[in-house]
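Written out below as structure tokens is the structure these notes cover.
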Amino acid sequence: MVSCIAVWRGGGGVLFWGRSNRCRMDIEVCTATPPPGTYHFCSPAFATVSVHIQHSLAMIRTGEYIKDIFTMAVGTAVEARGWVKTRRDSKGVTFIQLNDGSCFKDLQAVVEQGAIPEEMMRQIGTGACLKISGELVASLGAGQSVELKVRDILIYGPADPATYPLQPKRHSMEFLREIAHLRPRSNTFGAVFRVRNAVCYAIHKFFQERGFLYVHTPIITASDAEGAGAMFGVTTLDLMNLPRTENGGINFAEDFFGRPSYLTVSGQLEGEIFASAFTNIYTFGPTFRAENSNTPRHLAEFWMIEPEMSFCDLDDNRRVAEEFLKYIIAHVVDTCLPDLEFFNKWVDDTVLETITHVAESDFQHVTYTDAITILLNADKSWEFPVAWGIDMQSEHERYLTEVVFKRPVVVTDYPKEIKAFYMRLNDDGKTVRAMDVLAPRIGEIIGGSQREERHDVLLEKIRAQHLPEEAYWWYLDLRKYGSAPHAGFGLGLERMVMYLTGMKNIRDVIPFPRTPGSADF
RNA sequence: UCCUGAGUAGCUCAGUUGGUUAGAGCAUCUGACUGUUAAUCAGAGGGUCGUAGGUUCAAGUCCUACCUCAGGAGCCA
């Protein structure tokens, strides 16, 4: 028999004070830890009790983020730590906007004249890092319901306003990219990386809830046989003094792995190994392409999610992809609405409408053959002529998603000639069970297929495309021993974040972009 | 990599058919204002015009090369 009464709520947690017949006193902390401070509790049944909660600085400060402070009651004594976004002065009162990245909204701290020494106030400008102590009070201003009435300030690190590059004004994305060490403190990038974080969490949650095994496929691979694009070499050889073979080539036998090795361009083939043992798996990790691509949609280092599912055909694959994208959207809308509202106001005034529309409506499904027919009948002149058998160009994909259907479109069953060797051949002998999910503005956001599980068909395709048969010995083995129909796809994380935020350049949705000629920070 | 465009104050930009001392807004600094929301108002400081050549009496402006950035294309996630 326990009687408990909550004395604090916030940050998703509750602090109970209570009494049971086993213990005379119980303090129970559920889910989250309350901020340090003294909590008073009084009821007719018990004497007045004070509970003092103290945290060490090393402790994770759940309950003390600015996000949590907004949930606290007026009158609470709080300490807020963060970086100054802006400072505004008026006669007799100074306003400091403090942000610690935990939420979009800044905490407004109000310094009344005389509360803080002049000498200290002079050091507080945009960019400074502070601890502000005071009392949470109802705000007199219109922009916020509560604010922090300042009692004391500790300056962890000042920032000289004359040289601090981030100003309380709109900056160009190009300029912010040059100061990637400071841009996370800006409104835009704060929102971008909170959304990116939420997307990542949703991805794991989606697959874990469905029994998928998270598997780490290798970053370094010795097979350059995947054909997904140019690869970065990995070597410990002295490039100024390369060991040579007798005929003048490079002697890779002396290299670290005893053979040429590369950074991975895809974890799919290894993913198939694990799907052949754990049924449903997913990978989520960095991927590298050494293409000399200079576009707003390409990076040399990006993150990719690749589920692989046994006992799954292309139709199932398509349904999982659609459910997956909708799940991510729902989670981001649920957890990052203020960030999305910011994007909708300042970056792209259609994002909120677009993503809520996508979450509510079904994706359009067309076969490649039907898509070509639509393009042929379109009243539009194409820079690249349309005919059955062509690889669709950007202009064709954009026409389908932005003009014809105005929503994500799944195109399936492409000609075998323009798709990878591992995709399952259809009975018509001309097309393969491939699918691309095309999103308006972004283009291809997901690429996937049902895999060829028939040993003889796969071997024939490897030979027809003159691929090194030996290199695929283990991939072929999977078809020899307990082969199962299976399918999977790859989602580009950054493209998903672009889609959700409306950001126009992929370099602005990854913390530190790597592109040809650029690897700063 | 190809095509197109752009590099002018800390940031975002204007700068006429080549012509005297290169402009604005924001930021910074100083002052004003009892509560601001990218505060407002007044004043001040701040520039080898991307780099290197060239044409010309005269180049931010015209020409050439290079560098950087952006948009489009290809490759793809």
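Throughout, protein chains are lettered first and strands after them, A, B, ... in sequence-line order, and every chain is numbered starting at 1. Atom set for the values below is all heavy atoms of this structure, side chains included, hydrogens, waters and symmetry mates excluded.
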- Task: Indicate whether OP1 or OP2 belonging to C33(B) is found under 4.0 Å from a side-chain N or O atom of K91(A).
- Result: yes
- Query: Under a 3.5 Å cut-off for both distances, is G31(B) Watson-Crick or wobble paired, and to whom?
  - Reply: C41(B)
- Chi angles and distances behind the salt bridge (charged side-chain N to carboxylate O under 4.0 Å, His left out) call for R177(A), D508(A): CA-CA 7 Å; R177(A) 225 171 278 152; D508(A) 301 325; 2.8 Å; yes
- Message: Let me spell it out: for each of I506(A) and G92(A), pick the nucleotide of RNA chain B with the closest heavy atom. Which residue's pick is nearer the 5' end?
- Response: G92(A)
- Does any N or O donor sit under 3.5 Å from an N or O acceptor when you compare the side chain of E147(A) with the base of G35(B)? yes
- Tell me whether F302(A) is stacked on the nucleobase of A77(B), counting only the six-membered base ring and applying the 5.5 Å and 30° thresholds. yes
- Message: Would you measure the distance from the C1' atom in U12(B) across to the matching atom in G72(B) and give it in whole Å?
- Response: 24 Å
- Task: Counting Watson-Crick and G-U wobble pairs only, both distances under 3.5 Å, name the nucleotide matched with C66(B), or none.
- Result: G50(B)
- Query: Distance between the P atoms of C2(B) and G18(B), in whole angstroms?
  - Reply: 32 Å
- Task: Any strand is fair game: report the nucleotide pairing with A24(B) by Watson-Crick or G-U wobble, both distances under 3.5 Å, or none.
- Result: U12(B)
- Nucleotide forming a Watson-Crick or wobble pair with C75(B), both distances under 3.5 Å: none
- Query: Counting heavy atoms not belonging to F274(A), are there more than 12 under 6.0 Å from its CZ?
  - Reply: no
- Is the NZ atom of K461(A) crowded by more than 12 outside heavy atoms at less than 6.0 Å? yes
- Query: What's the CD-P distance between E306(A) and C76(B), to the nearest Å?
  - Reply: 15 Å
- Query: Could you give the OH-to-C1' distance, from Y164(A) to C11(B), as a whole number of Å?
  - Reply: 14 Å
- Message: Any side-chain N or O of S394(A) below 4.0 angstrom from OP1/OP2 of G74(B)?
- Response: yes
- C76(B) base / H298(A) side chain donor-acceptor hit below 3.5 Å: yes
- Any strand: nucleotide that pairs with C57(B) via Watson-Crick or wobble, under 3.5 Å: G19(B)
- Item | Atom-to-atom span, CD1 of I445(A) to P of A77(B) - whole angstrom | 13 Å
- When the nearest nucleotide of RNA chain B is assigned to E395(A) and to P161(A) on a heavy-atom basis, which residue is associated with the more 5' position? P161(A)
- Phosphate contact (U34(B) OP1 or OP2) by S90(A) side-chain N/O below 4.0 Å: no
- Under 4.0 Å: is that the gap between some side-chain N or O of R507(A) and OP1 or OP2 of A70(B)? yes
- How would you label the contact of E494(A) with the nucleic acid (heavy atoms, under 4.0 Å): base, sugar-phosphate, or nothing? nothing
- Message: Please report the distance, rounded to the nearest Å, between CZ in R88(A) and P in A27(B).
- Response: 12 Å
- Task: Examine R210(A) relative to Y327(A) and say whether NZ or CZ is less than 6.0 Å from the centre of the six-membered ring and inside a 45° cone about the ring axis.
- Result: yes
- Message: Check this one for me: any side-chain N or O of S293(A) less than 4.0 Å away from OP1 or OP2 of C76(B)?
- Response: no
- N or O in side chain of N505(A) less than 4.0 angstrom from G71(B) OP1/OP2: yes
- Query: Which atom pair, heavy atoms only, marks the closest approach of V74(A) to V137(A)?
  - Reply: CG1-CA, 4.1 Å
- Considering only atom P, compute the distance from A42(B) to C26(B) and round it to an integer number of Å. 9 Å
- Below 3.5 Å, does any donor atom in the side chain of Q167(A) face an acceptor in the base of U28(B), or the other way round? no
- Under a 4.0 Å N-O cut-off, is there an ion pair linking E209(A) with K205(A)? yes
